[in-house]
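So the structure is just underneath, and the comments pick up after that.
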Amino acid sequence: MTKADIFKENIKGRNVTVIGIGISNLPLIKYLTEAGAVVTACDAHDAEWLGDNYKICAELGVKTCLGDGYLDNLTDDIIFKTPGMRIDKPELVKAAERGARITSEMETFFELCPSHIIAVTGSDGKTTTTTLIHKMLTDAGYKTWLGGNIGHPLLSEVDGMTENDYVVLELSSFQLHTMKYSPEIAVITNLSPNHLDWHTDYNEYIEAKTNIYNNMTEGCKLILNAGNPDSAALIPPEYVKVEYFSRGDDTEIGISDGAIVCKGRTVLNINDIKIPGMHNVENYMAAIGAVDGLVPDDVIVNTAKTFGGVPHRIELVRTLDGVRYYNSSIDSSPNRTINTLNVFGEKVIMISGGKDKGIPYDAMGEPVADHVKTLILIGATSDKIEDSLKATGRADEVEVIRAESYEDAVNAARSKAAEGDVVLLSPASTSFDMFRNFEERGNLFKKLVNELK
């Protein structure tokens with residue numbers, strides 16, 4: 001019997017609670033009910049807000065506990081929490097004290113997965129790096145699976161996986177916060193303050209990220225960014241094989257004569273990389289480090305020449321009257337926006353702002369002054385972004401406009417743009433003040449831009 005078979009046998013007839021009826025937990029709920037568990041699904045939202053997700057639960061025969069007090073009766077012995085819920089939430093602490101097992105979809109997947117696992121985390125570049133690794137392995141002929149914080153949850157597909165397959169996961173600090181498992185190969189793209197509205201402080205955020213390697217066994221490999229101070233300062237267990245990448249030529253994966261070099265051999269000419277920006281060159285270095293020894297170099301070169309990027313990441317929406325409109329809704333931190341701005345040679349018209357994660361915006365002022373001619377602000381972080389610009393003493397170099405809605409923001413950008421200009425959505429903030437996720441934000445921006453006449 002496989003680990004998954006044993007799990008389903010043990011879960012049959014058990015009372016199980018799943019907290020969160022979102023896209024990440026629906027496959028889990030289905031998997032558990034099909035295995036014979038008696039599932040109660042809890043969510044802070046009501047049935048109307050949950051919409052189709054609620055209907056799916058009803059069709060599966062799942063009991064629900066919704067709205068205020070949705071955590072008041074956590075009496076089941078097994079509780080799957082949503083990644084965005086802290087383990088020290090009082091209701092979970094109380095449940096754990098009476099003996100309940102608190103786990104998650106991702107932790108259970110690690111327990112049951114029979115395949116090789118490669119995982120990626122970091123503050124920026126996770127999704128692109130994860131996607132690159134997955135594409136390189138797939139193009140090299142491996143049967144691969146993509147999931148975690150990208151794509152869709154994989155627990156419901158674990159029955160179809162084999163020991164020869166490769167699973168490539170993007171893992172957030174939320175998923176890693178209590179993780180007791182680590183992959184065979186791990187990548188930390190970089191570290192900078194992020195999600196400080198959820199983590200108690202930056203140290204806890206970093207500690208969560210280190211769980212990607214804390215449970216590695218001998219022979220496992222970790223790829224770190226030597227050019228990022230907080231990543232370079234990490235001290236993994238001695239038995240973990242650590243390799244570094246950087247923009248220099250003194251690390252295992254580096255740059256020499258305009259090409260990415262891995263352990264002394266030239267792998268990829270930077271000019272062959274289709275997606276723009278030096279931050280994406282770093283993403284390629286991280287991915288090359290992860291697949292070194294698994295993927296032939298010619299496959300890596302072909303990936304670079306053909307991969308056009310992930311949606312919502314410096315995504316060209318359209319060109320209208322000579323104005324290029326780019327959607328980079330994924331830019332949920334100042335550092336991401338700074339990287340995006342560095343891609344453009346001309347000064348841009350930028351729409352920015354969103355939910356405040358409690359992180360500093362001080363570093364954003366100079367790049368905005370250097371790369372932005374009109375700044376259109378919307379959302380809770382508008383004041384922080386404008387204050388960072390004022391602190392440079394160069395605020396008079398940038399026109400600042402406040403918008404009340406995305407319709408206003410896009411229309412303001414259109415009115416300011418002339419032939420040859422770039423309009424860029426780069427929020428430097430999360431989307432949860434106005435949207436369910438960054439995809440919804442980016443899709444609205446693309447819809448509004450495509451409706452311009």
Side-chain angles (χ1 to χ4, degrees), residues 120-136 150 170 187-192 194 223 225-228 231 245-249 251 253-261 267-290 300-301 303-317 319 324-352 363-364 366-373 421-429 438 442 445:
V120 179
T121 195
S123 299
D124 303 309
K126 294 187 298 295
T127 300
T128 297
T129 303
T130 304
T131 304
L132 287 172
I133 294 169
H134 176 259
K135 180 169 174 53
M136 290 172 184
I150 181 178
E170 176 187 322
V187 176
I188 300 180
T189 57
N190 49 60
L191 293 170
S192 61
N194 209 342
I223 309 298
N225 186 346
N228 173 254
S231 170
F245 68 92
S246 73
R247 298 186 186 187
D249 59 2
T251 49
I253 308 102
I255 299 175
S256 179
D257 296 327
I260 296 176
V261 177
V267 176
L268 174 64
N269 192 307
I270 289 174
N271 291 331
D272 285 336
I273 297 175
K274 188 174 181 179
I275 52 177
M278 280 303 296
H279 63 293
N280 280 318
V281 174
E282 289 191 346
N283 293 335
Y284 265 92
M285 287 192 283
I288 288 169
I300 294 171
V301 173
T303 297
K305 290 180 175 179
T306 58
F307 177 64
V310 181
H312 307 291
R313 291 153 179 82
I314 320 180
E315 175 189 12
L316 179 61
V317 179
T319 301
R324 290 171 290 151
Y325 291 80
Y326 287 89
N327 162 37
S328 203
S329 181
I330 187 61
D331 295 348
S332 59
S333 68
N335 195 54
R336 292 198 74 119
T337 291
I338 292 167
N339 285 334
T340 295
L341 287 173
N342 285 332
V343 168
F344 297 96
E346 63 271 76
K347 286 201 169 189
V348 305
I349 298 166
M350 184 170 76
I351 299 171
S352 201
M364 197 169 157
E366 288 291 346
V368 168
D370 289 339
H371 296 281
V372 178
K373 63 179 181 179
D421 277 342
V422 166
V423 172
L424 168 68
L425 170 64
S426 182
S429 317
F438 72 85
F445 174 76

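Start at 1 with the first residue, then count along the sequence. The basis for the numbers below is simple: all heavy atoms, side chains too, and nothing from hydrogens, waters or symmetry mates.
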query: Can you tell me if S429 uses its side chain to pair, donor with acceptor, with the backbone of P427 under 3.5 Å?
result: yes

Spatial distance of atom CG (N271) from atom NZ (K305) [nearest 0.5 Å]: 11.0 Å

field: Closest approach of I253 to G289 (non-hydrogen atoms, all atoms of both residues)
entry: CD1-CA, 3.8 Å

field: D249 side chain to G254 backbone, donor-acceptor under 3.5 Å
entry: no

task: Look at the side chain of N190 and the backbone N and O of D124, then say whether any donor-acceptor pair between them is shorter than 3.5 Å.
output: yes

Taking every non-hydrogen atom, the tightest pair across L341 and P367: CD1-O, 4.0 Å

field: Whether S231 side chain and N225 backbone form a donor-acceptor pair below 3.5 Å
entry: yes

query: Distance only, no hydrogens: is a donor on one side chain within 3.5 Å (strictly under) of an acceptor on the other, for D331 and S426?
result: yes

message: Can you tell me how far apart CD (E170) and OG1 (T127) are? Round to the nearest 0.5 Å.
response: 3.5 Å

- request: Evaluate the side-chain proximity of M278 to N342: yes if any heavy-atom separation is below 4.5 Å, no if none is.
  value: no

- prompt: Between atom CG of N335 and atom OG of S192, what is the distance when rounded to the nearest 0.5 Å?
  reply: 4.5 Å

message: Would you compute the distance between atom OG1 of T303 and atom CD1 of I133 and round it to the nearest 0.5 angstrom?
response: 11.5 Å

- line: All heavy atoms of N194 vs all of S123, minimum pair found to be ND2-O, 3.8 Å

- prompt: Would you find a donor on one side and an acceptor on the other, under 3.5 Å apart, between the side chain of K347 and the backbone of D421?
  reply: no

Shortest non-hydrogen contact from F245 toward I188: CE2-O, 4.3 Å

- request: Spell out, as yes or no, whether a donor-acceptor pair under 3.5 Å connects the side chain of R336 to the backbone of P334.
  value: no

task: Decide yes or no for K126 and T121: does some side-chain heavy atom of the first lie under 4.5 Å from some side-chain heavy atom of the second?
output: yes

- request: Measure the NE2-CD distance between H371 and E346 for me, rounded to the nearest 0.5 Å.
  value: 11.0 Å

task: Heavy atoms only: give me the nearest G442-H312 pair and the separation to one decimal.
output: CA-ND1, 3.6 Å

- prompt: Is there a side-chain contact between Y326 and T340, using heavy atoms and a 4.5 Å cut-off?
  reply: no

- request: Output every pair passing side-chain hydrogen bond (donor to acceptor under 3.5 Å, both in side chains) with a member in residues 275-288, not counting sequence neighbours, ordered by first then second residue.
  value: T129-N283, R247-E282, N280-N283

message: Let me confirm one number: the CD1-CD distance from I338 to E366, rounded to the nearest 0.5 Å.
response: 10.5 Å

Positive for side-chain contact (heavy atoms from CB on, under 4.5 Å) with I223, one of T189, V187, I288: V187

query: Nearest heavy-atom pair of V261 and S256: which atoms, and what distance?
result: CG2-CB, 3.9 Å

